[in-house]
Structures are given as C-alpha cells and as structure tokens.
Q: 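Following this message is one structure expressed as structure tokens.
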Amino acid sequence: MAKIVILQGSPSVKSRLHGVLDRVRAQIASSGIEASVIAVRDLPAEDLLHARFDSEAIQAANRLVEEADAVIVATPVYKASFPGVLKAYIDLLPQKGLQNKIVLPIAIGGTIAHLLSIDFAMKPVLSTMAPRNILAGVFVLDSQVQWNEDGSAAIADDIASRLDESVALLLQEVNWQTNKANV
Ligand SMILES: Cc1cc2nc3c(=O)[nH]c(=O)nc-3n(C[C@H](O)[C@H](O)[C@H](O)COP(=O)(O)O)c2cc1C
C-alpha cells in the first residue's frame, strides 16, 4: 500500500497549520492511503540542535520518510522562509532523502507578500534531496483559517478547494506510481 508522510514544521502547539493538516489528513484517509506525521516540534531538541544523525528518534523519523512514496512538507512562514527547527530536521535527512518521492509543499503565512516563499525558500532546499517531482504547492493565508469553538478549523472555501485539488493531484501521482511499480 502507498505511504505518505506529513512533515509538520510548526514549532507552535496550536498553529492554524494543524487545522489545515486536519483537512489534508482526512482527505488522504478517505482515499485509503496511510499517512504518518512527523512533527518536528516533537523531535528531541538537543538532537536537532547538535545535529545528532545517530539519534534513535531522528532515525525513526528518517525511516518513515524513506518508506514513503510522497512527502507533504507543511510549514508556517517565518521571516519569509520556514522555521529553523524544520531546517534543523531536514539537515538530518540523507543527501538523497527524497529520491523517487513526490513532494507537496504547503505554507501558511500572515502576508500574501510571502507567497513566493514556497518557490524561493522551500523548493531550493527540497530539491537538493533528489525528489521525483515537487508539486506546485499551496500557500494559505492565516486569516483564511479560523478555529471553531469545538477545536475544528474553518477554512475559507477558496483555499479549501485549492488544498483539496492539490492533495487530489498528489494522491493521483502516488497511485499512478504505485500501480506502475506493481505491473
Ligand atoms: C517568528 C515568526 C515570524 C513570522 N514571519 C512571517 C513572515 O515573514 N511572513 C509571513 O507571511 N508570516 C510570518 N509569520 C506569521 C506566521 O507565518 C503565521 O502566523 C502562521 O503561519 C500561522 O499562525 P499560527 O501558527 O499562530 O496559527 C511569522 C510568525 C512568527 C511567529
């Protein structure tokens, strides 16, 4: 069965990014594909700061990435780029850690002025790890995501459909690749 990993790059406990990812995960689950989550904020801080390639927690996370057919890299925009904690983990992935994988970048930011952080900050870093394909990506404005009282997220219709379309494209590519490998 195909596998997808969601690399969740927010250092914050309750980021609107999590609301976005709840939707993404629900869509993946309804397609019958297994998705695991690596939340960088849950990785041991010292292992990240000291670049401990031999850390058990880092190696376990790296195994999830290695076994995945696709990786969704989801992050808030910090200083027109992505948070250092996400980069600290990415630095601990193998040189070709995204080889043969399809990658979907998702960013959430406070200003549309940083829409291109996906292209200028995320893609150059991700492309060093030899991915098969990096999809166009989705930029979400944080004002498009609100928390409901029950803890669920309300996502504005226009960006919700962009997210759905991008995840559908990812699933299509993953299924195509998996079927091809099984022929
Ligand atoms: C340290 C820091 C730096 C930020 N820098 C930017 C930025 O350069 N551009 C931008 O669009 N948003 C920036 N933001 C806003 C976050 O991207 C946005 O608040 C976040 O994605 C969603 O907010 P939440 O995690 O609080 O829900 C920054 C936020 C923080 C905490």
Side-chain angles (χ1 to χ4, degrees), residues 4-29 35-51 57-58 61 64-65 68 70-93 98 102-129 131 134-170:
I4 295 179
V5 163
I6 300 174
L7 181 53
Q8 198 279 95
S10 177
S12 155
V13 193
K14 190 155 175 76
S15 172
R16 279 162 282 183
L17 180 65
H18 305 148
V20 169
L21 291 179
D22 286 346
R23 185 179 184 98
V24 168
R25 284 167 65 188
Q27 189 177 351
I28 294 171
S36 357
V37 177
I38 301 170
V40 289
R41 69 178 307 280
D42 294 337
L43 294 172
E46 288 221 346
D47 294 349
L48 293 171
L49 275 179
H50 297 170
I58 300 296
L64 286 178
V65 174
V71 182
I72 296 176
V73 183
T75 181
V77 179
Y78 278 14
K79 302 282 191 282
S81 179
F82 52 86
V85 64
L86 176 57
K87 180 63 162 55
Y89 172 62
I90 287 176
D91 288 347
L92 297 178
L93 279 164
L98 295 177
I102 301 151
V103 179
L104 173 64
I106 297 178
I108 181 165
T111 166
I112 196 73
H114 288 155
L115 168 76
L116 289 176
S117 61
I118 290 184
D119 296 283
F120 293 158
M122 294 179 79
K123 287 190 179 177
V125 171
L126 298 172
S127 63
T128 62
M129 292 180 285
I134 305 182
L135 302 178
V138 187
F139 182 88
V140 181
L141 261 181
D142 59 11
S143 56
Q144 292 173 306
V145 184
Q146 314 282 339
W147 289 116
N148 294 319
E149 282 189 2
D150 65 359
S152 63
I155 303 178
D157 288 348
D158 52 341
I159 198 66
S161 8
R162 293 261 314 285
L163 274 168
D164 294 353
E165 281 164 23
S166 297
V167 174
L169 184 62
L170 179 83

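Counting starts at 1 for both ligands and their atoms, in listed order.
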Q: Can Asp91 and Lys87 be counted as an ion pair, charged N to O under 4.0 angstrom?
A: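 Lys87 and Asp91: salt-bridged.
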Q: Which residue supplies the protein heavy atom nearest to atom 22 (C) of ligand 1, what is that atom called, and how far is it?
A: Asp142 CB, 3.8 Å
Q: Thr111 versus ligand 1: do any nitrogen or oxygen atoms come within less than 3.5 Å of each other?
A: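 N/O-N/O distance below 3.5 Å exists for this pair.
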Q: Just to confirm my output: which protein heavy-atom neighbour is closest to atom 7 (C) of ligand 1, and how far is it?
A: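 For this ligand atom, the closest protein heavy atom is His114 ND1, 3.4 Å.
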Q: Looking only at heavy atoms, which two atoms of Ile90 and Leu7 are closest? And how far apart?
A: CG1-CD2, 4.4 Å
Q: Counting non-hydrogen protein atoms only, what is the nearest one to atom 21 (O) of ligand 1? Give residue, atom name and distance.
A: Ile108 O, 2.9 Å
Q: Could you find the nearest protein heavy atom to atom 2 (C) of ligand 1 and give me its residue, atom name and distance?
A: Tyr78 CD1, 3.7 Å
Q: Below 3.5 angstrom, do we get any N/O pair linking Ser15 and ligand 1?
A: yes
Q: Evaluate Asp164 against Arg23 for side-chain contact (heavy atoms from CB on, under 4.5 Å), listing each step before the verdict.
A: CA-CA 8 Å; Asp164 294 353; Arg23 185 179 184 98; 2.8 Å; yes
Q: How far is atom 26 (O) of ligand 1 from the closest protein heavy atom, and which atom is that?
A: Arg16 NH2, 3.6 Å
Q: What I want to know is whether Val77 and ligand 1 share at least one N or O pair that is separated by under 3.5 angstrom.
A: yes
Q: Check whether more than 12 heavy atoms from other residues, nucleotides or ligands sit under 6.0 Å from atom CZ of Arg25, and answer yes or no.
A: no
Q: Could you give the distance from OG (Ser161) to CD1 (Ile155), rounded to the nearest 0.5 Å?
A: 10.5 Å
Q: Quick one: closest heavy-atom pair of Ser15 and Ser10, and the distance?
A: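 For Ser15 versus Ser10, the nearest heavy atoms are CB-OG, 3.4 Å.
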Q: If we only count N/O pairs under 3.5 Å, is Lys79 in contact with ligand 1?
A: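 For ligand 1, there is an N or O atom that lies under 3.5 Å from one belonging to Lys79.
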Q: Is it the case that more than 12 heavy atoms not belonging to Asn148 sit under 6.0 Å from its CG atom?
A: yes
Q: Minimum heavy-atom separation for Gly151 to Lys14, with atom names?
A: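 Distance-wise, the nearest heavy atoms are O-NZ, 4.5 Å.
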Q: Please could you name the atoms of ligand 1 that Gly110 approaches to less than 4.0 Å, counting only its heavy atoms?
A: 10 (C), 11 (O), 12 (N), 15 (C), 17 (O)
Q: Please say whether Ala80 places an N or O atom under 3.5 Å from an N or O atom belonging to ligand 1.
A: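 Yes: some nitrogen or oxygen of Ala80 is under 3.5 Å from one in ligand 1.
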